[in-house]
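Only heavy atoms go into these numbers, but all of them, side chains included; no hydrogens, no water, no symmetry mates. Order of appearance sets the numbers: ligands from 1, and atoms from 1 within every ligand.
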Amino acid sequence: MELRTAIRLRRAVRDYTEAPVSAAVLRDLISAASWAPSAMNEQPWHFTVVTDAALLDEISRCSKEWMLKDVAAMPRPGHFRDLLADPAFHIFYHAPALIVISVPADRQWSTEDCSLAAQNMMLAALEQKLGSCWIGFAQGWLNTEDGLNLLGLALRSRVVAPIIVGYPKAAPPPVARKAPLITWIGKIAVPPEPASPPDIGTRTLIHP
Ligand SMILES: Cc1cc2nc3c(=O)[nH]c(=O)nc-3n(C[C@H](O)[C@H](O)[C@H](O)COP(=O)(O)O)c2cc1C
């Protein structure tokens, strides 16, 4: 798949079939992730692959409980209270696999390194006809002592990017992009802004 097409078609997928993702495919996604740039090329990431549905259910339940305790501090507390209190809401949308990218907690630039790895992984997932979604909802509880223990991670680890993957049931609804805010400094001829930028609100498909 052409790179720009992949960038445009990658979407947060929240509806998955029950089809499992093979270990070979998961390994391929991790391989793509590990080609991301990292500060001083330290490649600090650790990938934890969870395909155990009972464990995913447990992480979802604990994460919801953990967030509910502090829901008043969230941006839309009413909305999130209802969502998190709903027993039917599964933070991983019943995806068959979760890949957690973590790093040693004391390392500088680990957020940047893991975010770049995560984007590579999500683009590689698209190429494999998989959907993916970064699940920030999982980060809070997974970074507690109980969460790290459940994943078998050292207590000095930090979970940066929990990424679900699976085969999409349907194409997600279109999501618009704001026109980018650009400041030009320097002598360069800047063409007038297009009336309707081609990258805004036009993405409706997961796969061409
Ligand atoms: C750091 C981060 C955390 C996110 N956390 C969640 C989450 O917990 N649950 C969820 O459904 N989507 C989550 N998303 C997905 C975003 O909501 C999604 O990327 C955004 O709405 C844009 O849609 P698109 O990815 O389909 O273009 C997260 C994305 C990022 C980058």
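Comparing R177, Q139, R14 by heavy-atom distance to atom 16 (C) of ligand 1, the nearest is R14. Within the set S132, P162, C133, G136, the minimum heavy-atom distance to atom 5 (N) of ligand 1 is found for G136.
Looking at R158 and S102, their side chains never bring a donor and an acceptor atom within 3.5 Å of each other. When only modelled atom types and interatomic distance are considered, W134 and Q139 share a side-chain donor-acceptor pair under 3.5 Å. Between R10 and S132, the side chains place no donor N or O within less than 3.5 Å of an acceptor N or O (distance only, hydrogens not considered).
Ring planes of F89 and Y93: perpendicular class, angle over 60° (limits at 30 and 60°).
Here the two rings, on F137 and F80, have centers that are under 6.0 Å apart.
Atoms of ligand 1 found under 4.0 Å from any heavy atom of Y93, numbered from 1 in the order shown, are 9 (N), 10 (C), 11 (O). Counting atoms of ligand 1 from 1 in the listed order, those under 4.0 Å from a heavy atom of F137 are 8 (O). Near R11, the atoms of ligand 1 lying under 4.0 angstrom from a non-hydrogen atom of the residue are 24 (P), 26 (O), 27 (O).
Two different hydrophobic clusters hold W109 and F47 under the rule that ILVMFWY side chains link at heavy-atom gaps under 4.5 Å.
In terms of polar-atom proximity, R10 is counted as a contact of ligand 1, with an N or O under 3.5 Å from an N or O of the ligand. Here's the thing with A12: one of its N/O atoms is less than 3.5 angstrom from an N/O atom of ligand 1.
Here Q119 has no heavy atoms under 4.0 Å from ligand 1, in either its backbone or its side chain.
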